[in-house]
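Hydrogens, waters and symmetry mates are skipped; everything else that's a heavy atom, side chains included, is used. Order of listing sets the numbers, starting from 1, for every ligand and every atom in it.
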Amino acid sequence: MSTLIAPSILSGDFANLAKDIEMLNKSDADRIHIDIMDGVFVPNISFGFPVLKAIKRYASKPLDVHLMIIQPERYISQFKKAGADTLIVHFEACTHLHNTIQAIKREGMQAGVAINPHTTIYNLDAIVQDIDQLLIMSVNPGFGGQKLIDHTYIKTELARDLIEKSHSKAIVGIDGGVDLTNAKKLIAAGADLLVSGSFIFGSNNPTKTISDLKVK
Ligand code: DX5
Ligand code: ZN
């Protein structure tokens with residue numbers, strides 16, 4: 001399987017989202033990564049349902065919705081209605097993570113779990129079989145444009161081991177600071193999916209940058 005690329009629309013042009021989505025539709029991107037921030041779980045606020053619905057109207061690719069919000073279980077069916085294909089919740093934001101994962105799947109979405117840089121992979125050993133995506137935060141969530149934390153490589157290898165030992169079908173995603181200096185090393189460590197925002201949208205030719213990140 002070639003690497004999956006999920007450009008993060010957080011670094012797109014919010015006054016001209018349709019243009020960015022059209023570019024992604026025509027590109028080698030596999031999914032579109034959508035960051036929802038509540039100003040409580042992370043020290044930033046991004047956008048909510050109206051913007052997600054607008055993206056859904058234009059997007060021909062699946063939407064991975066990354067919830068950086070407290071108590072995400074309150075909004076599962078609303079995110080389904082707004083167009084999420086995969087709903088990613090944070091381990092650190094869920095008191096009853098198993099329940100939340102089941103509720104996401106009952107709504108007909110794929111279930112993802114994201115972990116912050118300080119959270120170890122071993123916190124997931126009881127639920128890794130139930131999820132479709134394990135998203136390793138390679139920066140502290142809240143902002144695009146940060147530098148990837150070095151410990152990410154070891155964590156990615158540990159995630160890959162855990163998934164194989166558990167016979168889980170989950171893919172391993174990496175989110176934050178991904179660029180062409182680290183993409184190959186992340187893939188060698190076991191990453192299946194790379195989220196990239198500022199590196200793609202800040203480049204001269206985002207379509208080409210997406211193809212370049214996709215190691216075949
Ligand atoms: C960070 C977000 C990321 C972010 C990635 O909180 O979850 O998805 O948009 O952006 P870059 O690639 O710029 O680090
Ligand atoms: Zn994200």
Quick check on ligand 1: any N or O pairs to the protein under 3.5 Å? One line per pair.
| residue | atom | partner | partner atom | Å |
| --- | --- | --- | --- | --- |
| ligand 1 | 6 (O) | G142 | N | 2.7 |
| ligand 1 | 7 (O) | D35 | OD1 | 3.0 |
| ligand 1 | 7 (O) | H66 | ND1 | 3.3 |
| ligand 1 | 7 (O) | D175 | OD2 | 2.9 |
| ligand 1 | 8 (O) | H33 | NE2 | 3.3 |
| ligand 1 | 8 (O) | D35 | OD1 | 3.1 |
| ligand 1 | 8 (O) | D35 | OD2 | 2.8 |
| ligand 1 | 8 (O) | D175 | OD1 | 2.6 |
| ligand 1 | 8 (O) | D175 | OD2 | 3.0 |
| ligand 1 | 9 (O) | S8 | OG | 2.8 |
| ligand 1 | 9 (O) | D35 | OD2 | 2.8 |
| ligand 1 | 12 (O) | G197 | N | 2.7 |
| ligand 1 | 13 (O) | G145 | N | 2.8 |
| ligand 1 | 13 (O) | S198 | N | 2.9 |
| ligand 1 | 13 (O) | S198 | OG | 2.5 |
| ligand 1 | 14 (O) | G177 | N | 2.8 |

| said: Walk me through whether N44 and M68 qualify under side-chain contact (heavy atoms from CB on, under 4.5 Å). | reply: CA-CA 9 Å; N44 198 6; M68 286 160 274; over 6 Å; no
- So N99 and E73, side chain to side chain donor-acceptor pair (under 3.5 Å) or not? Walk me through it. CA-CA 9 Å; N99 261 343; E73 65 279 359; over 6 Å; no
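F201 is not connected to F143 by any chain of hydrophobic side-chain contacts under 4.5 Å among Ile, Leu, Val, Met, Phe, Trp and Tyr, and they are in different clusters.
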Sequence neighbours excluded and cut-off under 3.5 Å, please list the side-chain donor-acceptor pairs for residues 185-195, or say none.
| residue | atom | partner | partner atom | Å |
| --- | --- | --- | --- | --- |
| D192 | OD1 | R160 | NH2 | 3.0 |
| D192 | OD2 | R160 | NH2 | 2.5 |
| D192 | OD2 | V172 | N | 2.7 |

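Here the closest non-hydrogen pair linking I5 and I200 is CG2-CD1, 4.3 Å. For the pair T119 and N123, the tightest heavy-atom approach, listed with the atom from each and the gap, is CG2-ND2, 3.4 Å.
Of all protein atoms, those that are N, O or S and lie under 2.8 Å from the Zn ion (ligand 2) total 4.
Remark: F41 engages H90 in a ring-ring contact (aromatic ring centres under 6.0 Å, His included) (not counting sequence neighbours).
Taken from CG in D28 to OG1 in T207, the straight-line distance is 9.0 Å, to the nearest 0.5 Å. Interatomic distance, CG of L135 versus CD1 of I171, reported as 9.0 Å (0.5 Å rounding).
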